[in-house]
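Below is one structure, written out as structure tokens, with a few remarks after it.
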Amino acid sequence: MYLLIPAAGIGKRMGSNRNKLLLKVRSQPIIAWTLLAAQAASTITWIGIISQPTDWPDLKAIIADLKLTKPVEFILGGSTRQESVYNGLQALPADAEQVLIHDGARCLITPDLFNSCAQAIRECRGLIAAIPVKDTIKVVDGQGIIQSTPDRQKLWAAQTPQGFDVKLLKQCHAEGVRQGWEVTDDAALFEKCGIQVRIVEGEETNLKVTTPQDLAIAEFILTSRGF
């Protein structure tokens, strides 16, 4: 299975002026934990890191230190996640039929979740890892007034990996460029094109490290795993 890791952002909410994935959690940079999980996942055979060239020396040093045995390619990142993934799709090997896309900042993913998504995407055209929402959600207007309360039973919090048929996702991205769509994940492009996306149950600990508080939680979870 081919894996694309968008890793081109700056950690503004982390209070950092550099790529947050280079910040350390426990003994390793954030991106290293993501790569170690991909290395340990039996289904992952190729990894593409979508990032800015200024980060490539640091990333190459991390990969050398980890002694990864799977091939890793560096792909030029865009100005948005959507643009970065578009670039990543163009850089996939010609024989890639399915792809998993996983945010580098979700560094607590387990190899099992990678494997579950890789196996599931062989049976469908699009999927996302997600977990049921525990909290009651309120829809509010611009003045902070509640407009409605959706049925919690139907609400899931999206995670990554997200998996797709490569040919279809390329078509959806091309349509997104034509239509000027701006989306925050690739599943939304499938939805806009009327293509079904299924849910694979994710992991409670598969959080996205975005703020200093998230960093502290990630430290705790990694410590509890024995790292």
Open item on the list: I'd like to know if the side chain of D141 reaches the main chain of I146, judged simply by a donor and an acceptor atom lying under 3.5 Å from each other, with no hydrogens or angles considered.
Closed with: no

- [ ] Answer yes when E204 and K134 have at least one side-chain N-carboxylate O distance shorter than 4.0 Å, and no when they do not.
- [x] yes

Task: Salt bridge flag under 4.0 Å for residues K208 and D214 - done: no

Task: Gap between atom CG of L89 and atom CZ of F164 - 0.5 Å precision - done: 9.5 Å

TODO: Report yes if the side chains of I30 and L215 come closer than 4.5 Å at any heavy-atom pair, otherwise no.
DONE: yes

TODO: For Q147 and I145, indicate whether the former's side chain and the latter's backbone hold a donor-acceptor pair under 3.5 Å.
DONE: yes

Task: Check: T69 main-chain N/O paired with Q39 side-chain donor or acceptor under 3.5 Å - done: yes

TODO: Go through the side-chain N and O atoms of Q162 and D186 and say whether any donor and acceptor fall under 3.5 Å apart.
DONE: no

Task: SB check R81 D103 (cutoff 4.0 Å) - done: yes

- [ ] Check whether any side-chain N or O of D55 sits under 3.5 Å from a backbone N or O of A8 as a donor-acceptor pair, and report yes or no.
- [x] no

Task: Heavy-atom pair with the smallest gap, counting every atom of V200 and A120 - done: CG2-CB, 3.8 Å

Open item on the list: With heavy-atom distances below 4.5 Å as the criterion, would you say the side chains of I101 and P6 are in contact?
Closed with: yes

TODO: Could you check if a side-chain atom of I199 sits within less than 4.5 angstrom of a side-chain atom of I128, using non-hydrogen atoms only?
DONE: yes

Task: From CG (D112) to CG (N115), nearest 0.5 Å - done: 6.5 Å

Task: Sidechain-backbone polar pair: R225 side chain, L108 backbone, donor-acceptor under 3.5 Å - done: yes

Open item on the list: Could you measure the distance from the CD1 atom of I195 to the CD atom of E191? Nearest 0.5 Å is fine.
Closed with: 10.5 Å

- [ ] Using modelled atom types only, decide if a donor and an acceptor are shared between the side chain of Q52 and the backbone of G78 within a distance under 3.5 Å.
- [x] yes

Open item on the list: Are the side chains of I47 and P71 in contact, using a 4.5 Å heavy-atom criterion?
Closed with: no

- [ ] Could you tell me which non-hydrogen atom of T43 sits nearest to which non-hydrogen atom of A118, and how far apart they are?
- [x] OG1-CB, 3.3 Å

Open item on the list: Hydrophobic clustering (ILVMFWY, side-chain heavy atoms < 4.5 Å, transitive) - are I131 and I221 grouped together?
Closed with: no

Open item on the list: Taking G202's backbone N and O only, do any of them form a donor-acceptor pair with Q159's side chain (distance below 3.5 Å, no angle check)?
Closed with: no

Open item on the list: Please find the pair of heavy atoms, one from L59 and one from S51, that lie closest to each other, and give the distance.
Closed with: CD1-OG, 3.4 Å

Task: Parallel, tilted or perpendicular: ring planes of H102 versus F114, cut at 30 and 60 degrees - done: perpendicular

Open item on the list: Strictly distance-based, threshold 3.5 Å: is any side-chain N or O of R198 a donor or acceptor partner for the main-chain N or O of G126?
Closed with: no

Open item on the list: So, taking the atom named NZ in K192 and the one named SG in C172, what distance separates them when rounded to the nearest 0.5 Å?
Closed with: 11.5 Å

Open item on the list: Distance check, rounded to the nearest 0.5 Å: K167 atom NZ versus D165 atom CG?
Closed with: 8.5 Å

Open item on the list: Taking the side chain as everything from C-beta on, heavy atoms only, tell me whether V25 gets closer than 4.5 Å to L222.
Closed with: yes

Open item on the list: Taking atom CD as the centre, does Q196 end up with more than 12 heavy-atom neighbours from other residues, nucleotides or ligands that are less than 6.0 angstrom away?
Closed with: no

TODO: Check step by step if side chain to side chain donor-acceptor pair (under 3.5 Å) holds for T205 and E203.
DONE: CA-CA 5 Å; T205 54; E203 298 167 334; 4.7 Å; no

- [ ] Specify the closest pair of heavy atoms between F190 and L168, including all atoms of both residues, with the distance to one decimal.
- [x] CZ-CB, 3.8 Å

- [ ] Give the cluster check for V85 versus W181: same hydrophobic cluster or not, with ILVMFWY residues linked at side-chain heavy-atom distances below 4.5 Å.
- [x] no

Task: CA sep, side-chain torsions, deciding dist, call: L92, L4, side chain to side chain contact (heavy atoms under 4.5 Å, CB included) - done: CA-CA 9 Å; L92 285 172; L4 290 175; 4.0 Å; yes

Task: Heavy-atom pair of closest approach, residues M1 and L100 - done: CG-CG, 3.8 Å

Task: OG-CD distance between S42 and Q119, expressed to the nearest 0.5 angstrom - done: 7.0 Å

- [ ] Quick one: do K170 and Y86 satisfy side chain to side chain contact (heavy atoms under 4.5 Å, CB included)? Show the steps, please.
- [x] CA-CA 7 Å; K170 283 182 175 180; Y86 180 88; over 6 Å; no

Open item on the list: If hydrophobic clusters are built from ILVMFWY residues whose side chains come within less than 4.5 Å, do L155 and L207 share one?
Closed with: no

Task: hydrophobic_cluster_shared for W56 and L68, side chain cutoff 4.5 Å - done: yes

Open item on the list: Tell me if a side-chain donor or acceptor on Q28 pairs with a main-chain N or O of K24 at a distance below 3.5 Å.
Closed with: no

Task: Side-chain donor-acceptor pair present, Q82, T80, cut-off under 3.5 Å - done: no

- [ ] Check R106 against A158 and note the closest heavy-atom contact, atom names and distance.
- [x] NH2-O, 3.5 Å

Open item on the list: For a 4.5 angstrom cut-off between non-hydrogen side-chain atoms, does P29 reach L21?
Closed with: no

Open item on the list: Tell me if a side-chain donor or acceptor on N87 pairs with a main-chain N or O of L76 at a distance below 3.5 Å.
Closed with: yes

Open item on the list: Around atom CD of E97, are there more than 12 heavy atoms from other residues, nucleotides or ligands closer than 6.0 Å?
Closed with: no

TODO: Please list, chain by chain and in numerical order, all residues satisfying side-chain contact (heavy atoms from CB on, under 4.5 Å) with T136, sequence neighbours excluded.
DONE: K138, T149, R152

Task: Lys NZ or Arg CZ of K70 over W46 ring: under 6.0 Å, within 45° - done: no

Open item on the list: Before you tell me yes or no, could you show the steps for E175 and L189 under side chain to side chain contact (heavy atoms under 4.5 Å, CB included), namely the whole-Å CA-CA distance, both residues' side-chain angles and the distance that decides it to 0.1 Å?
Closed with: CA-CA 9 Å; E175 184 65 16; L189 287 174; over 6 Å; no

TODO: Is it possible for you to say whether I5 and L113 belong to one hydrophobic cluster, with membership spreading through side-chain heavy-atom contacts below 4.5 Å?
DONE: yes

Open item on the list: With heavy-atom distances below 4.5 Å as the criterion, would you say the side chains of L35 and I49 are in contact?
Closed with: yes

Open item on the list: Could you check whether atom OH of Y2 has more than 12 heavy atoms from other residues, nucleotides or ligands sitting under 6.0 Å from it?
Closed with: yes

